Participant: 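What follows is a structure written as structure tokens; I'll ask about it next.
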Amino acid sequence: MILEDKKIAFTALGHFIRQFSQPDFIKEEDVVGNDIFYTRFAEAMESAVHYNGWFTIDQMLIAMKSWSSALTMEELNQWTSVYDFSREPLKNVGLILAGNIPLVGFHDFLSVLISGNKVMVKMSSNDQKLLPILADYLIHIEPRFNDRIQFVTERLENFDAVIATGSNNTSRYFEYYFDKVPNIIRKNRNSVAILDGLETKEDLIALGHDIFTYFGLGCRNVSKLWVPKGYNFDAFFEAMFEFQDVIHYEKYSNNYDYNKAVFLMSNFKLLDNGFLTIKEDSSFASPISSVFYEYYEAVDDLQKELVLQREKIQCVVSNGIVEGSISFGQTQFPSLADYADGVDTLDFLLKL
């Protein structure tokens with residue numbers, strides 16, 4: 001298959017997904033395959049809500065909006081323009097996917113197929129409803145993908161390379177089990193935000209989306225703030241009230257009550273607004289319903305600290321305070337070239 005044919009197929013998939021990116025799904029008459037897949041996918045989204053308590057329709061709509069925006073010919077052309085697609089490796093690439101947010105492993109799935117390899121997908125038990133239908137739709141659009149997509153229920157076998165996503169604990173198993181083949185092993189990462197006190201209310205509300213989208217379960221969710229000495233959190237908490245309805249979601253509320261109780265029993269000093277606690281802490285991974293913060297004195301020193309801690313950080317968010325940061329509110333809408341852990345997945349796959 002030539003690259004152009006693959007891009008056409010994924011562009012069609014993006015058009016299909018776009019129908020499910022707003023609360024009232026809109027069936028578009030010009031979408032190929034809607035007679036087969038529209039109702040099936042709509043029902044799968046509804047089913048996923050009951051299958052995984054953390055997947056709400058609102059959260060899935062965000063995932064669909066992100067992917068429908070990425071799967072356009074313009075975005076695919078820009079992404080692929082800097083690579084050499086003169087050959088297809090046609091290697092069997094095993095994917096072990098996480099299930100913390102909807103379609104969290106889709107970028108790896110896309111990368112394997114665009115690169116001209118065959119994908120063997122082992123899905124998380126927490127996210128099994130959506131990707132198989134999207135794969136079937138892709139095959140409907142481009143039947144040559146049929147021999148390049150396989151879903152695996154048992155352990156992976158007969159693979160030439162592996163991309164595995166898990167926790168710091170499971171990564172040790174992955175590194176041992178897959179050490180004989182080319183691999184990308186992903187561990188825990190978190191995202192951070194740098195404030196200087198000059199942020200507008202709109203900036204801080206956008207930051208709230210970086211914190212609360214997917215209930216904070218993704219590696220691109222902000223779980224740690226760096227603030228200047230003497231920072232007043234009043235404006236931050238005022239902006240966060242835009243998201244107060246999150247406490248009405250039972251799983252989030254239970255985590256809020258539990259984690260707050262643990263902090264209080266440990267005599268930690270907290271700031272609390274009734275649905276979010278913030279705590280001064282040098283760690284990056286805060287529990288659900290909590291954000292850690294740390295003070296800084298000089299931006300240059302903070303920039304050096306971020307470099308030293310880069311293996312723990314997925315995204316840095318700010319108003320341009322530090323080099324390489326992204327804007328508030330953009331963490332859940334990465335471009336196709338925003339690779340997890342900073343590892344160029346497509347380059348890895350093309351060189352197999």
Side-chain angles (χ1 to χ4, degrees), residues 3-49 51-52 54-81 97 99-114 119 121 123 127-145 149 206 209-210 212-214 218 220 326-327 329-340 346:
L3 175 62
E4 193 65 22
D5 291 341
K6 300 170 199 169
K7 289 191 293 186
I8 290 171
F10 275 103
T11 299
L13 181 63
H15 193 182
F16 174 77
I17 292 173
R18 186 177 66 193
Q19 301 172 111
F20 306 95
S21 62
Q22 49 193 322
D24 296 320
F25 300 159
I26 298 179
K27 188 174 184 179
E28 300 180 16
E29 297 302 323
D30 61 338
V31 175
V32 177
N34 257 353
D35 55 329
I36 302 171
F37 293 98
Y38 181 88
T39 300
R40 183 181 169 194
F41 194 71
E43 290 175 348
M45 288 182 66
E46 296 286 350
S47 175
V49 172
Y51 190 76
N52 182 337
W54 287 111
F55 286 10
T56 68
I57 285 293
D58 286 343
Q59 308 292 11
M60 284 189 286
L61 293 176
I62 294 169
M64 299 309 146
K65 180 179 179 182
S66 177
W67 279 113
S68 63
S69 298
L71 296 178
T72 66
M73 188 59 72
E74 180 181 1
E75 293 296 323
L76 289 166
N77 284 339
Q78 182 174 345
W79 177 42
T80 57
S81 63
L97 305 184
N100 50 321
I101 66 175
L103 291 178
V104 67
F106 188 82
H107 191 280
D108 289 335
F109 176 83
L110 163 66
S111 298
V112 173
L113 294 175
I114 280 285
V119 66
V121 184
M123 294 184 294
D127 186 16
Q128 294 186 338
K129 299 294 183 180
L130 305 180
L131 184 57
I133 301 176
L134 298 183
D136 285 348
Y137 183 86
L138 196 64
I139 293 168
H140 178 78
I141 296 297
E142 176 49 81
R144 285 175 291 179
F145 276 130
I149 299 174
H209 288 287
D210 297 327
F212 289 104
T213 299
Y214 306 125
R220 299 183 69 88
I326 61 177
S327 302
Q330 296 304 305
T331 59
Q332 303 303 335
F333 298 94
S335 75
L336 293 172
D338 288 330
Y339 294 106
L346 195 49

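Start at 1 with the first residue, then count along the sequence. Treat the numbers as computed from the prediction; the structure is a model and nothing was measured.
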Participant: Arg144 and Asp5: which non-hydrogen atoms are nearest, and at how many Å?
Facilitator: NH2-OD2, 2.9 Å
Participant: With a 3.5 Å distance limit and no angle check, can you tell me whether Thr213 reaches the backbone of Asp210 through a side-chain donor-acceptor pair?
Facilitator: no
Participant: Apply side-chain contact (heavy atoms from CB on, under 4.5 Å) to residues Leu138 and Leu113 and explain how you reach the verdict.
Facilitator: CA-CA 11 Å; Leu138 196 64; Leu113 294 175; 3.8 Å; yes
Participant: Can you name the one residue among Gln19, Glu29, Lys27 that meets side chain to side chain donor-acceptor pair (under 3.5 Å) with Asn34?
Facilitator: Gln19
Participant: Leu134 and Phe106: side-chain contact (heavy atoms from CB on, under 4.5 Å), yes or no, with the steps?
Facilitator: CA-CA 10 Å; Leu134 298 183; Phe106 188 82; 4.2 Å; yes
Participant: Please lay out, stage by stage, how Thr331 and His209 fare under the test side-chain contact (heavy atoms from CB on, under 4.5 Å).
Facilitator: CA-CA 8 Å; Thr331 59; His209 288 287; over 6 Å; no
Participant: Flag the pair Trp79 / Ile114 as yes when at least one side-chain heavy-atom distance between them is below 4.5 Å, and no otherwise.
Facilitator: yes
Participant: Show the nearest heavy-atom pair for residues Met60 and Met45, with the distance to one decimal.
Facilitator: CE-O, 3.0 Å
Participant: When rounded to the nearest 0.5 angstrom, what is the spacing between CD1 in Ile17 and CG in Leu71?
Facilitator: 5.5 Å
Participant: So, for Ile101 and Phe55, which heavy atoms are closest and what is the spacing to 0.1 Å?
Facilitator: C-CZ, 3.6 Å
Participant: For a 4.5 angstrom cut-off between non-hydrogen side-chain atoms, does Ile57 reach Val49?
Facilitator: yes
Participant: How about Ile26 and Arg18: do any of their side-chain heavy atoms sit closer than 4.5 Å?
Facilitator: no
Participant: Taking it one step at a time, do Ile141 and Leu13 satisfy side-chain contact (heavy atoms from CB on, under 4.5 Å)?
Facilitator: CA-CA 8 Å; Ile141 296 297; Leu13 181 63; over 6 Å; no
Participant: With a cut-off of 6.0 Å (strictly less than), are more than 12 heavy atoms of other residues, nucleotides or ligands near CG of Asp24?
Facilitator: no
Participant: Taking the side chain as everything from C-beta on, heavy atoms only, tell me whether Phe333 gets closer than 4.5 Å to Lys65.
Facilitator: yes
Participant: Does His15 reach the side chain of Asp30, with side-chain heavy atoms less than 4.5 Å apart?
Facilitator: yes
Participant: Verify, without hydrogens or angle tests, whether Asp127 (side chain) and Pro102 (backbone) share a donor-acceptor contact under 3.5 angstrom.
Facilitator: no
Participant: Is the closest side-chain heavy-atom distance between Asp136 and Arg40 below 4.5 Å?
Facilitator: yes
Participant: Do Phe109 and Ile149 have side chains that get closer than 4.5 Å, going by heavy atoms?
Facilitator: yes
Participant: Give me the ring orientation class for His107 and Tyr339: parallel if the planes are under 30° apart, tilted from 30 to 60°, perpendicular past 60°.
Facilitator: perpendicular
Participant: What do you reckon, are the aromatic ring centroids of Tyr38 and Phe20 less than 6.0 Å apart?
Facilitator: yes
Participant: Ring centroids only, cut at 6.0 angstrom: are Phe41 and Tyr137 within range, meaning strictly under it?
Facilitator: no
Participant: Could you grab the distance from atom CG of Leu131 to atom NZ of Lys129, nearest 0.5 Å is fine?
Facilitator: 13.5 Å
Participant: Ignoring hydrogens, what is the shortest heavy-atom contact between Leu97 and Gly105? Give both atom names and the distance.
Facilitator: CD2-CA, 3.8 Å
Participant: So, does Ser47 use its side chain to make a donor-acceptor pair with the main chain of Glu43 at under 3.5 Å?
Facilitator: no
Participant: Please name the pair of heavy atoms, one in Gln59 and one in Tyr214, separated by the smallest distance, quoted to 0.1 Å.
Facilitator: OE1-N, 2.9 Å
Participant: To the nearest 0.5 Å, how far apart are CZ in Phe37 and NE2 in His140?
Facilitator: 5.5 Å
Participant: Short question: side chain of Arg220, backbone of Gln332 - any donor-acceptor pair under 3.5 Å?
Facilitator: no
Participant: Looking at every heavy atom in both Leu61 and Gln22, which two are closest together, and how far apart are they?
Facilitator: CD2-O, 3.4 Å
Participant: Within a radius of less than 6.0 Å around CD of Glu28, do more than 12 heavy atoms belonging to other residues, nucleotides or ligands occur?
Facilitator: yes
Participant: Please walk me through it: do Asp108 and Ser111 pass side chain to side chain donor-acceptor pair (under 3.5 Å)?
Facilitator: CA-CA 5 Å; Asp108 289 335; Ser111 298; 5.2 Å; no
Participant: Is there a side-chain contact between Asn77 and Lys7, using heavy atoms and a 4.5 Å cut-off?
Facilitator: yes
